[in-house]
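Shown next, in structure tokens, is the structure this report addresses.
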Amino acid sequence: MKRLIAFTLILIAATAYITVKYFKNLNTSGVHAGNIMRTIPDGASLVFEFPNEKSFYDIYTGNTLLQNLIGEEKLADLDTVRKVLFNNTALSSFFTGRNVFVSIFPPQSTQVDLLLTSSTSKDIDPAEYDKLARQQKTGMLITPLKIGEKRGYNIFFNALKKRFYLINIDANIYTGSFSKELITQAANYQPDKNRRAFMLLPDQQNSNSLANLYINYEALGPLFNQLFKNSNTDIFKPFRLLPALAALNLNFKNDAVMFSGYTNIETQRPGTYLNIFTNQQPVANQLRDIYPATTAYATNLAVSDAAGFAADLSDFHNKAGLQKEKDALFTKIKTETGINLNTEFNKLLGNEFAVITTRYQEKFAIVTVKNGTKLRPFMTNISNMTSDDVGQFNYSKLPYFLLGDAFNAFKKPYFRIIDNYLILANTANELASYNDTYLNRKFLNKTEQYVKFDNLLAEKSNVAFFIHFKNAQQILKDGLKDGFYLAYKNNSLSLRNFYGASYQFAATDKNFYTNFCLLQNMPDTTVSKKRD
């Protein structure tokens, strides 16, 4: 009996030890992520987390995927920091296996500023850096640096002819950047304990993830303001206004960057247009099958309950102080035409609507309706008909009040009903262009590359943004500030080497499950054959 009791106690102790050890290891990554990310200054739009391990770098050896995403110059910078500094024998044991957080900030010049943050396995004795500074032929020159109360090092990389600033930001956490302004900001940063700039992944999800992407949507606005000449560009605009944080996992694929995870709405912040869609259920996306072959970018919106969407949109307009203007518009229409347009339109509204911009900067809206034949008399009575099939709305801002912010570009649009689709455009020529596309089936999904891309996307969503980089090139040339467009166009490694990108939201528990996909261009087999 004593042996049995002793054996049982040993077994319980062993089980307890293993359990504690397991959960301690499980929680380590999450705890460290939180400790590290709280040191990142406010204003970061994106944070990319990955392990400083040979296995991670081996995955992308010889693969241009991440190289194209990061860009040629930034890749050279980061690679030099890793190989020359962190892989130096004096420091490698401290940084190997630790996760690195690369933060992206709005640029102060023609370069996007990056901040690298990581913890060490244990405190580094300053003497280690002194030894490193005395080493010969290391490819770098190290001198002491002090910013405020923070101490660190000024590291000049011979290969880059650049200075890299590294400071000990807190305990065993180090932050570095090639930007003196950004490293100074990091050194002087005092985190607000009551404010959460980024959402963290659950510990288990973090420990099992190859790499993670953290997004502060509201901080995307300042980033886009620096990249584009016109800060009001509608590219990605609804997402940039959303009061939300996201934490996404990297899903490895040889020719695509794919992330998935959750976007959580900041409920204490004022809501935006996209908040309305959290009350819906995900819907199978079909409108993307009739995008024109010339599509540069598009926003697709989908609702499972059209009546509920209309009620939520009305509530949103009321909170925004627009109800008086909206009521006046529909009262005027009722008085002049006898039509209660808001009610009749909502009865016939289908499950999807999209706004599309083409490479020629044409802009279309496509709205699914339950019965195009029944909708036609209402549209005819509120319009000036220029032909049997085409008319122009007599009233301004109707699409905006009927469908929301995404349709703000259509003030008094031309319309045409094709089958069960209401098509809107700002000119009759644009409308005729889409009619030709539809009748002659000149759709994006007729191309091999788009079919491959579409197969990577989630079937259902409520909000989806798509950009086709080749078709969008002229728009990016006109819209991006000159320095950024040249970097986009001229670097051998850049986003122009990608076919397209998609960002999808699917409503779940008043938040969004999120999928991000970025597909690399197919290899040009014709060029390969010529080289052979």
Side-chain angles (χ1 to χ4, degrees), residues 31-52 70 73-74 77-82 84-86 91 94-95 98-121 123-124 126 128-129 132 140 142-157 160 162-200 212-216 218-223 225-227 245 247:
V31 171
H32 283 180
N35 289 340
I36 292 172
M37 290 181 70
R38 70 178 174 81
T39 70
I40 298 173
D42 294 339
S45 306
L46 307 164
V47 178
F48 180 57
E49 176 192 10
F50 63 92
N52 182 33
I70 296 170
E73 184 175 346
K74 284 290 184 285
D77 291 349
L78 295 177
D79 205 40
T80 299
V81 173
R82 177 177 70 90
V84 178
L85 181 63
F86 294 145
L91 299 179
F94 295 99
F95 288 102
R98 313 303 290 180
N99 281 14
V100 178
F101 296 75
V102 180
S103 312
I104 298 177
F105 288 79
Q108 302 302 316
S109 60
T110 57
Q111 292 289 327
V112 173
D113 293 329
L114 302 181
L115 186 73
L116 277 65
T117 311
S118 183
S119 64
T120 56
S121 55
D123 291 341
I124 304 178
E128 296 294 334
Y129 285 103
L132 180 58
M140 54 187 168
I142 301 177
T143 54
L145 172 70
K146 185 178 181 182
I147 302 176
E149 298 300 317
K150 306 297 183 183
R151 296 183 178 275
Y153 300 89
N154 184 330
I155 303 165
F156 181 81
F157 290 109
L160 299 175
K162 283 185 179 180
R163 297 185 185 281
F164 181 74
Y165 307 96
L166 182 70
I167 60 172
N168 184 195
I169 198 72
D170 183 28
N172 64 331
I173 298 174
Y174 284 79
T175 291
S177 178
F178 285 95
S179 167
K180 183 67 177 293
E181 182 175 346
L182 189 54
I183 201 67
T184 302
Q185 183 183 346
N188 295 325
Y189 177 63
Q190 296 294 328
D192 183 351
K193 295 180 180 179
N194 298 318
R195 184 177 182 276
R196 185 178 66 155
F198 288 96
M199 167 185 168
L200 296 178
N212 306 313
L213 180 66
Y214 305 94
I215 304 170
N216 183 334
E218 289 185 300
L220 292 174
L223 178 63
N225 291 347
Q226 292 298 321
L227 295 175
L245 306 173

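The first residue of the sequence shown is numbered 1, and numbering continues consecutively from there.
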Pairwise side-chain contact, Tyr153 with Thr143, heavy-atom cut-off 4.5 Å (strictly under): no

Interatomic spacing from OG in Ser103 to CG in Leu46 - rounded to 0.5 Å: 9.5 Å

Is it true that, when you exclude Lys180 itself, more than 12 heavy atoms of the residues, nucleotides or ligands shown sit nearer than 6.0 Å to its NZ? no

For the pair Val47 and Leu213, evaluate side chain to side chain contact (heavy atoms under 4.5 Å, CB included) and give the outcome as yes or no after the intermediate values. CA-CA 6 Å; Val47 178; Leu213 180 66; over 6 Å; no

Considering non-hydrogen atoms only, spot the tightest contact between Asn35 and Ile173 and give its length. O-CD1, 3.7 Å

Using modelled atom types only, decide if a donor and an acceptor are shared between the side chain of Asn168 and the backbone of Arg151 within a distance under 3.5 Å. no

Within a strict 4.5 Å, meaning less than it, do heavy atoms of the Phe86 and Val81 side chains meet? yes

Take the angle between the ring planes of Phe198 and Tyr214 and call it parallel below 30°, perpendicular above 60°, tilted in between. perpendicular

Distance (rounded to the nearest 0.5 Å) between Tyr165 OH and Thr184 OG1: 8.5 Å

Take Leu85 and Leu132 through the test side chain to side chain contact (heavy atoms under 4.5 Å, CB included) and record every step on the way to the result. CA-CA 9 Å; Leu85 181 63; Leu132 180 58; 4.2 Å; yes

The side-chain hydrogen bond (donor to acceptor under 3.5 Å, both in side chains) partner of Arg98 among Ser119, Ser118, Ser121 is Ser119

Show, in sequence, the C-alpha distance, side-chain angles and deciding distance for Leu78 and Leu114, and conclude whether the side chain to side chain contact (heavy atoms under 4.5 Å, CB included) test is met. CA-CA 10 Å; Leu78 295 177; Leu114 302 181; 4.3 Å; yes

If you draw the axis of the six-membered ring of Phe178, does the NZ or CZ of Lys162 fall within 45° of it and under 6.0 Å from the ring centre? yes

Close side-chain approach of Leu145 to Ile167, heavy-atom, < 4.5 Å: yes

With rounding to the nearest 0.5 Å, note down the distance linking CG in Leu115 to CD in Gln185. 8.5 Å

Would you check if the side chain of Ser45 reaches a backbone N or O of Leu223 as a donor-acceptor pair within less than 3.5 Å? no

For Asp170, is there an ion pair with Arg38 - N to carboxylate O distance below 4.0 angstrom? yes

Give the ring-plane orientation class for Tyr129 versus Tyr174, where under 30° counts as parallel, over 60° as perpendicular and anything between as tilted. tilted

The reported gap from OG1 in Thr175 to CG in Leu166 (rounded to nearest 0.5 angstrom) is 8.0 Å

Any heavy-atom pair between the side chains of Asn172 and Ile124 that's under 4.5 Å? no

If I take atom CD1 from residue Ile36 and atom CG from residue Leu200, how far apart are they, to the nearest 0.5 angstrom? 10.5 Å

Can you name the nearest heavy-atom pair linking Glu149 to Lys146, along with the distance? CA-CE, 4.4 Å

Any chance you could measure Glu49, atom CD, to Phe101, atom CZ, to the nearest 0.5 Å? 3.5 Å

Might you confirm whether atom CZ of Arg163 has over 12 heavy atoms from other residues, nucleotides or ligands at distances under 6.0 Å? no

Does the pair Glu218 and Leu245 meet the rule for a side chain to side chain contact (heavy atoms under 4.5 Å, CB included), with working shown? CA-CA 8 Å; Glu218 289 185 300; Leu245 306 173; over 6 Å; no

Testing the basics here: between Ser177 and Ser179, what is the closest heavy-atom pair and its distance to 0.1 Å? OG-N, 2.9 Å

